[in-house]
Amino acid sequence: MNEIIKQELLKRLAQHGWANKVDLKISRTKSADHGDYCSNVAMMLAGKLDLPPMKIARKIQAIIDHPDITRTDVASPGFLNFFITRDFTPLIQGIIDEDAAFFAPDIGKGSQVHLEYVSSNPTGPVHVGHGRSAAYGSSLANILRQTGFNVHTEYYVNDAGLQIDILTASIWLCILNIQVPNGCYTGDYLNRIAVDHPEINTQIPDDLQNLLANWPEEDMTPAIETLIACCKSHLKMNYTTLKKWVVQDITQQIETDLAEFGVTYNAWFHESSLVENQQIDKLINTLETNGHTYEKDGAVWFKSSEYGDEKDRVLKRSNGIWTYFANDLAYHQKKFEQSPDRMIDVFGADHHGYVPRVVAGLTALGMDSERFRCILIQFASLYRGKEKLAMSTRSGQFITLRTLYEEVGVDAARFFYCMRRSDQHLDFDLELAKSQNSQNPVYYIQYAHARIQSIFAKHGQYIPTTSHWQQPSHDEVQLIELLSQYPEVLIKASGKTEVYRLCQYLLDIATLFHKYYNNTPILSDVISERYHRLLLCSLTAKCIKQGLSLLNISAPESM
RNA sequence: GCGCCUGUAGCUCAGCUGGAUAGAGCACCUGGCUUCGAACCAGGUGGCCGGGGGUUCGAAUCCCUCCAGGCGCGCCA
């Protein structure tokens, strides 16, 4: 419709010789007094033509002539307001048929997207801080697929760094039944893993005892490194076994917890495999031969500052071990080879300082950084009433994602996480989510769906067909107009990677439907009226169900 | 100190590429079930859009500055 008016307006502007003078924009009006669509073109032209906008608007108004436009008004200070009539039959047929053009508008044309999200370290369970990325990423994947993109989702398992060594050492201490010192991992989940390992010698070595007795209050890095060395020397071959076991166990738990939250992946990619496959060496060779690296203080550096980063970054530590960044760059290289069209990383917003160096790396490697997009998800602060809960994986003080969704339900948790712009802070109050779960907006939407199903149950079988459509009432026009926006909402959500738009839209549909329902007896005794209204209900239910399914949220028949 | 993000109703947030009286939800007040599900609806209270400048026909939106908050600034990941 927007396009129709635009073409008509362009045609009329051309008659005055005003086309091409201005960027033409048609938008929907907010108030019914202003018609259905409006244009500010007269005001835009006023400056260039040196004429009053009202006069220009009247000149255009006078020659507007299009069968779909019933009336054109001019309003101060120069708006053109269009009143339209519309034949809803094609739209209705499209929804009934679950037409792809309506429910699955193809803007991706099969282009490939590599989407990585969550990728929390396998040093502990996924907690509520990761929940937002999880809900967002999985919904985004659905939306992208629905709009024609060929999406490959991946979880990057960081199983190769220092943190994993610290984790392994922490487990060892748990097995030895020793209180873990500051700087190590702690928590019930470690004890659970520890009891599964009776084969390790539980004798406490002397050097370990000495180390722990002199554990520093601050700057514990050297002590931690000594602890890891100590652990390795005592466990010998068992160290690698234990490490692998721990990572596998925790990763498995993460996978299970996420799956129950509606989050699944095409692949789980292990950082360690990059090292094993000499992927890093390949990467470094490329950078070295192109002169992007240098040595300083016994370490290998990447000249990231030449590509917009604030300073250069270490690739290989002086101890000969690759940094996380080096591995990650190799990973991005691999991802790009796999999906050259587009690559999306979903990060926690606390990693924003990391982005420039990845972009620098990709640019240095000759990849088109325009195809790389990093989406930063602001953290959700967790509250219990007024009390803000401090969280730290290291200290074991966190609420797991599982705990959250077992309390408030997957549907509510997912919706809550997605309903706000992802680049905005989100306050998640557990008390509120628990005590007021009946007021959660997701129930409002589901209730609309359940209500409609209940009407159908009462009526008996109903098969929707366009021939049931009659002259719509004001409320009905509002509702069907809103439904007609489904494709554009989806396209926008997909194009701008903004999942919250879909949530907001579904809330809008539910609002209008509840209003309609309260004003209008659906099951009218007049049979033509009844079928007309049932048809609209049917269309509404289809849109709600489709929309919710993209968020991995259920559309219940009854509640 | 430097960089990124944010400041809109009592609370949590929308506000699309500048547009017509700034919108929802929660909370609070008043109404509505002998009729399809009241997990609902109708109405009301509540705002110097953080402050101050600027750009223009027109600013919550764009620019500058100040104030306040969050995050980042490792040979951690």
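We name chains A, B, ... by the order of the sequence lines, and we start the count at 1 in each one. Since this is a predicted model, take the numbers as computed values, not measurements.
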Problem set entry | Options B/A20, B/C75, B/G72, nucleotide nearest the side-chain atoms of A/D350 | B/G72
For this session: Side chain of A/N518 only, please: which of B/G32, B/G19, B/C16 is the nearest?
Result: B/G32
Exercise. Ring of A/H351 versus six-membered ring of B/A77: centres under 5.5 Å and planes under 30°?
Worked result: yes
For this session: Return the value, rounded to whole Å, for the distance between atom OH of A/Y517 and atom C1' of B/A39.
Result: 12 Å
For this session: Just compare B/A14, B/C73, B/A77 and give me whichever is closest to any side-chain atom of A/K311.
Result: B/C73
Exercise. Between B/G3, B/A20, B/A77, which one does the side chain of A/R317 approach most closely?
Worked result: B/A77
Exercise. In whole angstrom, what separates A/L315's CG from B/C76's P?
Worked result: 13 Å
Exercise. OP1 or OP2 of B/C75 sitting under 4.0 Å from any side-chain N/O of A/K296?
Worked result: no
Exercise. In whole angstroms, how far is the P atom of B/C16 from the CG atom of A/D508?
Worked result: 15 Å
For this session: Check each of A/I452, A/I455, A/I463 against A/L534 using the side-chain contact (heavy atoms from CB on, under 4.5 Å) test, and report the only one that passes.
Result: A/I455
For this session: Tell me which of A/D423 and A/S524 sits closer to the 5' end of RNA chain B, going by the nucleotide each one is nearest to.
Result: A/D423
Exercise. Base, sugar-phosphate alone, or nothing: which one does A/Y500 contact when heavy atoms must sit under 4.0 Å apart?
Worked result: sugar-phosphate
Seminar exercise, completed: Ranking B/A77, B/C36, B/A20 by distance to the side chain of A/I522, first place goes to B/C36
Problem set entry | Minimum-distance nucleotide to A/L523 side chain [options: B/C36, B/G37, B/U12] | B/C36
Exercise. If only side-chain N and O atoms of A/R451 are considered, is one of them under 4.0 Å from the OP1 or OP2 phosphate oxygen of B/A38?
Worked result: yes
Exercise. Which of the following nucleotides, B/C75, B/C36, B/C4, is nearest to the side chain of A/H352?
Worked result: B/C4
Exercise. Where the side chain of A/H514 is defined as all heavy atoms beyond and including C-beta, which of B/C71, B/C40, B/C73 is the nearest nucleotide?
Worked result: B/C40
Seminar exercise, completed: When A/I164 and A/N519 are each assigned the nearest nucleotide of RNA chain B, the 5'-most assignment goes to A/N519
For this session: For A/Y505 and A/E488, test the side chains for any donor-to-acceptor distance below 3.5 angstrom and give the result as yes or no.
Result: no
Problem set entry | OP1 or OP2 of B/A39 under 4.0 Å from side-chain N/O of A/Y443 | no
Exercise. Is a donor-acceptor pair below 3.5 Å formed from side chain A/N327 to base B/A77, judging by atom type as modelled?
Worked result: no
